[in-house]
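Model, not experiment: these values are computed from the prediction. In what follows, chains carry the letters A, B, and so on, assigned in the order in which the sequence lines appear, proteins first and then strands, with residues in each chain numbered from 1.
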There are 2 protein chains.
Amino acid sequence: MTTIYDVARRSGVSPATVSRVLSGRRNVDPELSEKVRAAVAELGYRPNGVARNLRRASTNLWAVVISDIENPFFTSLVRGLEDVAQTEGYHVVLCNSDEDPAKEAAYASAVLTEQMAGVVISPTSTAEGVQQLDEAKTPMVLIDRRVEGIEADTVLVDNEHGAFEGVNHLIEGGYRRIACITGPRRVSTAMDRLAGYRSALRGAGIRFQKDLVRHADFREAGGFAAMESLLDQPERPEALFVTNNLMTVGALECLAKRGLRAPDDIAVVGFDDIPWADLVVPSLTTVAQPTYELGRTAGLLLKDRIASPGRPPSTVTLRTELHIRATSAPKKP
Amino acid sequence: MTTIYDVARRSGVSPATVSRVLSGRRNVDPELSEKVRAAVAELGYRPNGVARNLRRASTNLWAVVISDIENPFFTSLVRGLEDVAQTEGYHVVLCNSDEDPAKEAAYASAVLTEQMAGVVISPTSTAEGVQQLDEAKTPMVLIDRRVEGIEADTVLVDNEHGAFEGVNHLIEGGYRRIACITGPRRVSTAMDRLAGYRSALRGAGIRFQKDLVRHADFREAGGFAAMESLLDQPERPEALFVTNNLMTVGALECLAKRGLRAPDDIAVVGFDDIPWADLVVPSLTTVAQPTYELGRTAGLLLKDRIASPGRPPSTVTLRTELHIRATSAPKKP
DNA sequence: CCAGAGTCAGAAATCGATTTCCGAAGAATA
DNA sequence: TATTCTTCGGAAATCGATTTCTGACTCTGG
């Protein structure tokens, strides 16, 4: 490893001067400057980032803590974040929490010991890591979900409105007996989307029926089980609204297994888009979230937070978009 | 920030002793040890990872340089890698090269200045970054593609055999006029899969026809354009083999646009699986790669390489798996 | 012509942990 | 009992860059 001292020796100046030439933070005699550059080139010198980080007391790393990169919702979000990070000179460290508060906490811990510059996090149910990071005053942006009692920059989508639109679309298609599979009660998105479902029913004067609602775990298996449970009731629902992509897939698998087809046997609208959803037949109607934009917005907020730690936290709410495809075709008379 | 000196003062020992207690690298009097632990707990001390990294001359970061995390192929691969990284105490830095050699080089540069412990990389066509990293003797694992002249640990799939199986499956279904959309000539996977296509034809005594082959860019738009060009020929192919997932999607879009249906108008087999491929109708026949395993294997190789930098590089080749679904149904008489 | 302000290079301190080196004390061996 | 080995704690060096401080020098204005 060639160090800044080697460069200094070679070019006949002090290490301080080399540092100044390379950082450009202060004027340096052009002649010395030239010598330094020459020495850097000759020696193939590359500054040691770790040493710099120690002195500066921070790194150029952002952590993104999400439940699972294999969920397309997060994949595209991470891409949006990474694009901002790159233009701002940061690198993104990927952390899969798998909805496990302990893992979240472990990653939060790592963020602190590794002195990362900031965190973008989708909180797990108990948000242990979020608490830690908040106490340590780490620049942090919450995505997708709110956390009670934490004041931090947040990027959300308008879950209630999106769910309203999705369910209302089913109602307009002539469906009235509409089931809903949503997520855990402790997760804000699950409750917000359920609220949208209820308000759409209310708007159409349809009575809310508890036995048409299931709370599952936002995973494929959970969606499958919830669908089974709904179908095992005496009267089958005419339509179904599912509040995330994995559970939608699980529900569709259950329908396929039972030989039921969408939309003829049961109409379906899912929250979250699915990659290439319109390629396939019957294509799935979804309430699409602007996932790339979510990540990008989080990145921009994080950048601003790092630049001015003092300013009051802001919340950005992005709009969902209803993608009407085949599984929600109007009810046949 | 509380430092190791604060802990030392509080517990009445030297910083060296604190370090020894916490790292467990040397025996320390149980009584002192206890005092140190107490002080750590009281002060909420957390070691500074950056300082440690400087002293140790390496970090606990792995970079994964891939073309695009939004491609499901890489998504699942990254997940496999991250799982290994976590159990081995590393963190994964995500780098999207977008197939751009300049971006790859920039990330390679960052790997070196940030003293990352190792790299898992899917090389771009000119592999500029790979050269840099190789010269610097950074622990490195190549995935998905080989690079001429670089001796490094490599994880591949048996592309030729996979392609052979896929095309052979079409032949067995009675198709003979089979087109192929593959990737750039400089990319090893594109050529290997094309070779598999040719060898399947040869095995069945079908003459290879240059005008049934297209080289595109492994992206959606490229697949679309290639499909158009194939369909614009006087005689339409009976079946199609596409050598990656994005181009398959592009080709399917083109078919949809022209009102052609798989498999009735043209049978289709694609390389790379697509998420939830069997959920949708008509479901797509694919040559599936064990993407999670690819990432996992790369992680294990990287771990070993870091542990023993001297040992000769090894190449692991994983098997593909033919997933027969609807788009390759046998030809109707 | 001199005081005060401004510029710039270099010496040295600094970031915070790890690790080498040294010396003291106790254990083991002759 | 004398000598050698071990064990273990602390002082200090170390990793490599950044930054503060110091002092030499130049420039400006009275």
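Rounded to whole angstrom, the span from the OH atom of Y5(B) across to the P atom of dA12(D) amounts to 12 Å. One can place CG of N27(B) at 16 Å from C1' of dA25(C), the figure rounded to the nearest angstrom. The interatomic distance linking R20(A) (CZ) with dG10(C) (P) rounds to 9 Å, in whole Å. Following rounding to the nearest Å, K35(B) (NZ) and dG10(D) (P) show an atom-to-atom distance of 10 Å. Between the CD1 atom of I4(A) and the P atom of dT14(C) there is a distance of 19 Å, rounded to whole Å. For the pair R25(A) CZ and dT20(D) P, the computed distance is 10 Å after rounding to whole Å. In this structure, the CE atom of M1(A) is 17 Å from the P atom of dT14(D), given to the nearest Å. Atom-to-atom, CG of L22(A) to P of dT18(D) comes out at 8 Å; the value is rounded to the nearest Å.
Contact annotation: T17(B) side-chain N/O to dG10(D) OP1/OP2 distance is under 4.0 Å. The shortest distance between the side-chain N/O atoms of T3(B) and the OP1/OP2 oxygens of dG16(C) is not below 4.0 Å. Put simply, S19(A) has a side-chain N or O that comes within less than 4.0 Å of OP1 or OP2 on dT18(D).
Formation of a donor-acceptor pair under 3.5 Å by the S97(B) side chain with backbone atoms of V65(B) is not found in this model. Proximity of a side-chain donor or acceptor of T317(A) to a complementary backbone N or O of V157(A) within less than 3.5 Å is not detected. Under a 3.5 Å cut-off, the side chain of T297(A) and the backbone N or O of E293(A) do form a donor-acceptor pair. Checked by atom type and distance alone, the side chain of N244(A) pairs as donor or acceptor with a backbone atom of F218(A) at under 3.5 Å. Listed for the S308(B) side chain is a donor-acceptor partner under 3.5 Å among the backbone atoms of D304(B).
Ion pairing between R20(B) and D29(B) fails under the 4.0 Å rule for side-chain N and carboxylate O. Using a 4.0 Å cut-off between a side-chain N of Lys or Arg and a carboxylate O of Asp or Glu, R145(A) and E99(A) qualify as a salt bridge.
Comparing T2(A) and V28(B) against DNA chain D, the residue whose closest nucleotide sits nearer the 5' end is V28(B).
Checking dG9(D), dT19(C), dT18(C) against the side-chain heavy atoms of A16(B) singles out dT19(C) as nearest.
Side-chain polar atoms of N96(B) and Y107(B) form no donor-acceptor pair below 3.5 angstrom. A donor and an acceptor atom, one from each side chain of R10(B) and T2(B), are nowhere located under 3.5 Å apart.
Contacts of V18(B) with the nucleic acid, taken as non-hydrogen atoms under 4.0 Å apart, are absent.
No hydrogens or angles were tested; on distance alone, a donor-acceptor pair under 3.5 Å links the side chain of R26(A) to the base of dA9(C).
The stretch residues 44-62 of chain B comes close to DNA chain D through L54(B), R55(B), each having a heavy atom under 4.0 Å from the strand.
In the helix from dC1(C)-dG30(D) to dA30(C)-dT1(D), the end axes, each obtained as the rotation axis mapping the C1' atoms of four pairs onto the next four within a five-pair block, lie 40° apart to the nearest 10 degrees.
Within the structure, no pair that satisfies the ring pair (Phe, Tyr, Trp, His ring centres under 6.0 Å) test touches residues 124-152 of chain A, not counting sequence neighbours.
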